[in-house]
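Just the heavy atoms: all of them, side chains too, but no hydrogens, waters or symmetry mates, feed the values below.
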Amino acid sequence: MLRQFYYSDLFIDGQEITPYYIPQFILSGEKHKPYLNYPFIYSCNVTDWGIELHSLPYPKIGHDIAYKDIKYIDLYVVKRVWGIAWTMLIAPEFNLDLIVHTYDHDEEIEIPACFEGKRMCEKIRENGVPVYDRFHIYEQFPDAQSFRAGFAQHFLERYPALAEKYNLDDPRMGFKKPDSLKGLWKKS
């Protein structure tokens, strides 16, 4: 679907927002030394001028997207499972999926779901870029307490129908498109 996909830890103006959301088996216990098989874990830093995407273990790898180059952003939720085939974790997690529509291509940024994602959306909007919350996440969960209490259960119940309607991964497994169970089953 998209040529560029980034699994990212969220930062706003350089402040880390999601420090405990990235699974520890990826990070090996230290944020500055992720496990070598995962060089594609990025930081997504939302600033006053744009979005900075850089590899966590290799910060020179990456690029920036200026707000002036973005037409709009679609915000979705995606169901993620960790592991490979039979070793997958049973309980899925739900992450935020930003589809950044620039004037010449689209990029996908997956970040751990957190109420602070609302702040990220507001900051992007303040800089003139429309963010379309396709599932009305922050209307349904207007504060941190309601988000923590209801977000996961809400999407656990509704995600299969939403995934079908919006052509989303169900579930997403890997870090490259189309690493999803549906895609793997179709290959068999």
Side-chain angles (χ1 to χ4, degrees), residues 1-85 87-89 92-125 127 129 131 168-169 171-181 183-184:
M1 181 166 95
L2 300 174
R3 68 180 192 171
Q4 296 183 3
F5 169 79
Y6 303 93
Y7 184 84
S8 302
D9 196 5
L10 177 61
F11 292 74
I12 297 177
D13 292 323
Q15 178 187 1
E16 188 173 22
I17 303 301
T18 56
Y20 304 108
Y21 291 84
I22 305 285
Q24 287 301 307
F25 73 85
I26 290 177
L27 298 179
S28 303
E30 297 181 57
K31 187 64 106 183
H32 65 284
K33 293 182 183 177
Y35 185 63
L36 294 178
N37 286 339
Y38 296 97
F40 36 73
I41 305 298
Y42 277 66
S43 66
C44 172
N45 187 26
V46 177
T47 68
D48 285 331
W49 70 269
I51 300 171
E52 301 171 346
L53 290 165
H54 294 275
S55 170
L56 280 174
Y58 309 106
K60 291 183 180 180
I61 297 174
H63 67 284
D64 303 333
I65 309 169
Y67 291 130
K68 68 178 181 59
D69 297 329
I70 301 173
K71 289 190 286 188
Y72 65 95
I73 296 175
D74 284 316
L75 175 64
Y76 293 98
V77 172
V78 66
K79 180 167 64 173
R80 153 89 53 201
V81 293
W82 292 103
I84 301 169
T87 64
M88 289 183 303
L89 293 177
E93 65 182 27
F94 294 94
N95 291 330
L96 301 179
D97 213 24
L98 290 88
I99 310 298
V100 180
H101 302 277
T102 70
Y103 288 98
D104 61 354
H105 68 283
D106 295 341
E107 297 191 30
E108 184 170 8
I109 305 169
E110 180 183 343
I111 61 172
C114 58
F115 181 72
E116 293 82 357
K118 181 178 183 178
R119 218 169 84 211
M120 170 197 67
C121 293
E122 289 168 350
K123 184 167 191 69
I124 293 169
R125 286 182 185 121
N127 286 284
V129 175
V131 177
L168 303 173
D169 297 332
R172 180 174 295 161
M173 292 174 31
F175 295 97
K176 298 177 184 171
K177 290 291 199 177
D179 288 345
S180 71
L181 285 178
L184 290 175

**Report entry** Asn45 side chain to Asp13 backbone, donor-acceptor under 3.5 Å
**Finding:** yes
Query raised in the report: What distance separates Asp106 CG from Ile99 CD1, expressed to the nearest 0.5 Å?
Result: 7.5 Å
Report task. Quick one: closest heavy-atom pair of Cys114 and Leu10, and the distance? Result -> SG-CD2, 4.4 Å
**Report entry** Heavy-atom closest pair, residues His54 and Asp64
**Finding:** NE2-OD1, 2.9 Å
Query raised in the report: Would the number of heavy atoms belonging to other residues, nucleotides or ligands and lying under 6.0 Å from NZ of Lys71 be above 12?
Result: yes
Query raised in the report: Which value, rounded to the nearest 0.5 Å, describes the distance between Leu168 atom CG and Lys79 atom NZ?
Result: 11.0 Å
**Report entry** Gap separating the CD atom of Glu116 from the CG atom of Leu96, nearest 0.5 angstrom
**Finding:** 10.5 Å
Requested in this report: Return the orientation label for the Tyr6 and His63 ring planes: parallel under 30°, perpendicular over 60°, tilted otherwise.
Outcome: tilted
Requested in this report: Run the numbers on Ile124 and Ile73 for side-chain contact (heavy atoms from CB on, under 4.5 Å), then give the verdict.
Outcome: CA-CA 9 Å; Ile124 293 169; Ile73 296 175; 3.9 Å; yes
Query raised in the report: CG of Asp169 to CD of Glu108: how many Å apart, nearest 0.5 Å?
Result: 7.0 Å
Report task. Report yes if some heavy atom in the side chain of Met120 is under 4.5 Å from a heavy atom in the side chain of Ile17; otherwise report no. Result -> no
Query - Ile109 backbone acceptor or donor facing Ser8 side chain under 3.5 Å - result: no
**Report entry** Heavy-atom closest pair, residues Tyr7 and Pro112
**Finding:** OH-CG, 4.1 Å
Report summary line: For Thr102 and His105, the nearest pair of non-hydrogen atoms, with its separation, is OG1-O, 2.6 Å
**Report entry** For the student: nearest non-hydrogen atoms of Leu53 and Tyr42, plus distance
**Finding:** C-CD2, 3.7 Å
Requested in this report: Quick one: pull up CD in Glu107 and CD1 in Ile65 and give me the separation to the nearest 0.5 Å.
Outcome: 4.0 Å
Query raised in the report: So which heavy atom on Cys44 is nearest to which on Ile111, and how close?
Result: CB-CG2, 4.4 Å
Report task. Verify, without hydrogens or angle tests, whether Thr47 (side chain) and Trp49 (backbone) share a donor-acceptor contact under 3.5 angstrom. Result -> yes
Report summary line: NZ (Lys123) and CD1 (Ile51) are apart, to the nearest 0.5 Å, by 11.5 Å
Query raised in the report: Got a donor-acceptor contact below 3.5 angstrom from the Asp97 side chain to the Tyr76 backbone?
Result: no
